[in-house]
Amino acid sequence: MQDFTYGCDMRTSQLLLPTLKEDPIDTVVISHKLMLRAGMIRQLASGLYTWLPLGVRVLKKVERIVREEMNHAGAQEVLMSGVQPAELWQETGRWSQFGPELLRLKDRHERDFCLGPTHEEVVTDLVRREVNSYKQLPLNLYQIQTKFRDEVRPRFGVMRSREFIMKDAYSFDINEDGMCQSYQTMYDAYCRIFDRIGLDYRAVLADSGAIGGSGSQEFHVLAESGEDDIIFSDGSDYAANIEKGACIASGPRKAPREDMYKVETPTQKTIDALVTDFELPIEQTVKTLIVRASESCESDFVALIIRGDHSLNEVKAENHAKVASPLTFATENEIKKLMGAGPGSLGPVNCPAPVIADLQAAVCSDFGAGANQEGWHYFGINWGRDCSEPETADLRNAEEGDPAPDGSGTYLIRRGIEVGHVFQLGQKYSEAMGATVLDENGKQSTMFMGCYGIGVTRIVAAAIEQCHDERGICWPPSLAPYHVCIVPIGGNKNPAVDEQALRIQQELQSRGLDVLLDDRNMGPGPRFADMDLIGIPVRIVVSAKTLEDSEVELKQRTEEEASRVSLKDVVDIVITLEWLKS
RNA sequence: CGGAGCAUAGCGCAGCCUGGUAGCGCGUCUCGUUCGGGACGAGAAGGUCGCAGGUUCGAAUCCUGCUGUUCCGACCA
């Protein structure tokens, strides 16, 4: 904390603290509003922000915790260039794979560069040059650095901006076991980081997506305004993001009770219409989606079947061996040509394409579905009797109340802000770039990598999303720009007020706290309002009124009531507030 | 990338339809009075009305183009 105690900034009269009384226009999430109102940031251009002194203080607090825990976990800090040569990206093929979010530019010699959205190429290049022996492994290098991604649509202030600060770490190991250990070390460090910051978070399983690799987890701060759905069991630690969250069948399939019969459905093209017009329970309907098949599949298309009330999980579908990647839905014409009927009348009975049924759809019995004949449905369908037993797969999005896959309970769904991501990369980059070391047998061995990111700027926004009230921000003490603020009242009448305020500030500072003295020449109202807005955890009011009794007023930001404490004890009392230390 | 807005003083907005010398609130500056939850009085500064064309005697206002920015959607580590 001492590294922030530079003189005159500790007085509001000297601080660039442009607070706003009114809500800024065009802000939708609370953290964006409050960061602008509290004078932490100002927008420069779409997705670009200037951080003002108060905001920088918070950023530095996040960085400090991250840095300490990374060092503690054995990672070594480096600093790589934000501008990167195209050659490295061409080596891994990402120069062409990356879309327009990779901001490319040319230097004066017409050479291609990009603004780095991530640093796998640069760090792998460094390590391939400088590390030659397995004896130098494991190695973990990290940096805290500005990244640039030319987001299609920046929004929500620094939550989704184009330029942002990220801590990224990269581990290098001689083999897969080592990589897993490095991964676990980082995972543990991440838990310590978010514990220390003091946010309500969840580590969730994530899809490893196009980057490949065997393992990936995301760290999410729970908040209504989060952009991602995360699901977790109410009975165990199982948690995953919506792309990955496994769904199982709720129970065995019931025996058929009905014969299959054909129903004319001239106007019922949607599940909703079917359910309302025929009083069919929605759980006894299925949807049939026709998508392009992968090249390894014997057919051009496959039919994906999910229960009527469920939604397709496109990531799961895309990961299926028989489904083309990227996921591509058949056009209406293709569907008609293939199935002999349009999208509103499809079903598994007499289906010309290979059928893959979601696990839950596969345990339906006596269900309704399209007849693959325009304007007709079958009701009372049963798998194995009216159509062949389908291949099954987990294809749908989890929903609240679904059974958790480990049998521990049922799913809850919450919104999360992704603030961290740990990834086992395997040999994807080291292979492409020839990052090898000599192993103990003197043979070239391609290193195993992991990468680990933390969105530093995003954490600031996420903390505000989670910690605020109607008056403003309520910083967790670990991130508070100042631990304590002092508001002197009536100093022009009674010089003792200012003297005591200054004395308390200096004593608290000498005990290692960041203390802001609000010495602005304003009435108490606006100053209280500003201190509440910027979220300082502890407020001390020094006034002539309480000084008569040799007391000051002490109030915590999250509590309604203030208490009176004696002038001589106030410093010791504040120091003993354990929660202030982090 | 598709759709929809917006652009007038530092911030929030009115004026535009119906063209005629640019206004309000907050903030800022000066002086004085105030000082326990966004005070009061008096005075003052601050705007080529996003940019470029066009129509007109005259454009913040009408027309065209451009730029910036925001929202919804698609997309996305």
Expressed in whole Å, how much space separates the P atoms belonging to B/G53 and B/G58? 15 Å

If pairing requires Watson-Crick or G-U wobble contacts with both distances under 3.5 Å, which nucleotide is the partner of B/C1? B/G73

Polar side chain donor-acceptor pair, A/R94 to A/Y429, under 3.5 angstrom: yes

Distance criterion of 3.5 Å, no angle test: do you see the side chain of A/R153 paired donor-to-acceptor with the base of B/C75? no

If you measure from the C1' atom in B/A14 to the same atom in B/A9, how many Å do you get, rounded? 14 Å

Pair listing, salt bridge (charged side-chain N to carboxylate O under 4.0 Å, His left out) test, anchored in residues 447-475 of chain A, at least two apart: A/D469-A/R557, A/R471-A/D532, A/R471-A/E560

Taking the same atom, P, in B/C76 and in B/C17, what whole-Å distance lies between them? 46 Å

From CE of A/M159 over to P of B/A77, roughly how many Å is that when rounded to an integer? 18 Å

For A/W475, check ring-ring contact (aromatic ring centres under 6.0 Å, His included) against everything at least two apart and list the hits. none

From CD of A/E151 over to C1' of B/C75, roughly how many Å is that when rounded to an integer? 10 Å

Would you measure the distance from the P atom in B/C11 across to the matching atom in B/U70 and give it in whole Å? 15 Å

5' to 3', nucleotides 30-44 of chain B under a 4.0 Å protein heavy-atom cut-off (B base, S sugar-phosphate only, - none) gives ----BBBBB------

Tell me the interatomic distance from A/R520, atom CZ, to B/U28, atom P, rounded to whole angstroms. 10 Å

note: A/L327, atom CG; B/A74, atom P; distance rounded to Å ~ 15 Å

Can you confirm whether the side chains of A/K287 and A/H310 place a donor and an acceptor under 3.5 Å from each other? no

Rounding to the closest angstrom, what is the interatomic distance between B/C51 and B/A7 at atom C1'? 11 Å

Applying the Watson-Crick and G-U wobble criteria at under 3.5 Å, what pairs with B/G68? Answer none if nothing qualifies. B/C6

Nearest-Å distance, CG (A/L52) to P (B/G10)? 17 Å

Is any side-chain N of the basic residue among A/R192 and A/D195 closer than 4.0 Å to the acidic one's carboxylate O? no

Could you point out which residue of A/L199, A/I459, A/D200 forms a side chain to side chain contact (heavy atoms under 4.5 Å, CB included) with A/V221? A/L199

Could you tell me how far apart A/F156 (CZ) and B/U69 (P) are, to the nearest whole angstrom? 18 Å

Taking the nucleotide of RNA chain B with the nearest heavy atom to each, does A/H32 or A/V152 sit closer to the 5' end? A/H32

With the threshold set at 4.0 Å, does a side-chain nitrogen-carboxylate oxygen contact exist between A/K167 and A/E77? no

Separation of B/A77 P from A/R162 CZ (nearest whole Å): 18 Å

Quick test of your reading of the model: are A/R162 and A/E101 salt-bridged, counting only N-O distances below 4.0 Å? no

Does any nucleotide pair with B/A42 by Watson-Crick or G-U wobble geometry, both distances under 3.5 Å, and what is it? B/U30

Whole-Å gap separating P (B/C76) and NE2 (A/H421): 15 Å

If you measure from the C1' atom in B/G12 to the same atom in B/U28, how many Å do you get, rounded? 16 Å

Electrostatic pair A/R503:A/E507 at N-O distance under 4.0 angstrom: yes

The nucleotide from B/U70, B/C72, B/A77 with an atom nearest the side chain of A/Q43 is B/U70

Using a heavy-atom cut-off of under 4.0 Å over every strand shown, decide if A/E22 touches base, sugar-phosphate, or nothing. base

Quote, to the nearest angstrom, the P distance that separates B/U55 from B/G15. 29 Å

Taking atom P in both B/A22 and B/U61, compute the distance separating them and give it to the nearest angstrom. 13 Å

Look through every strand shown and name the nucleotide pairing with B/G20 as Watson-Crick or G-U wobble, where both distances are under 3.5 Å. B/C57

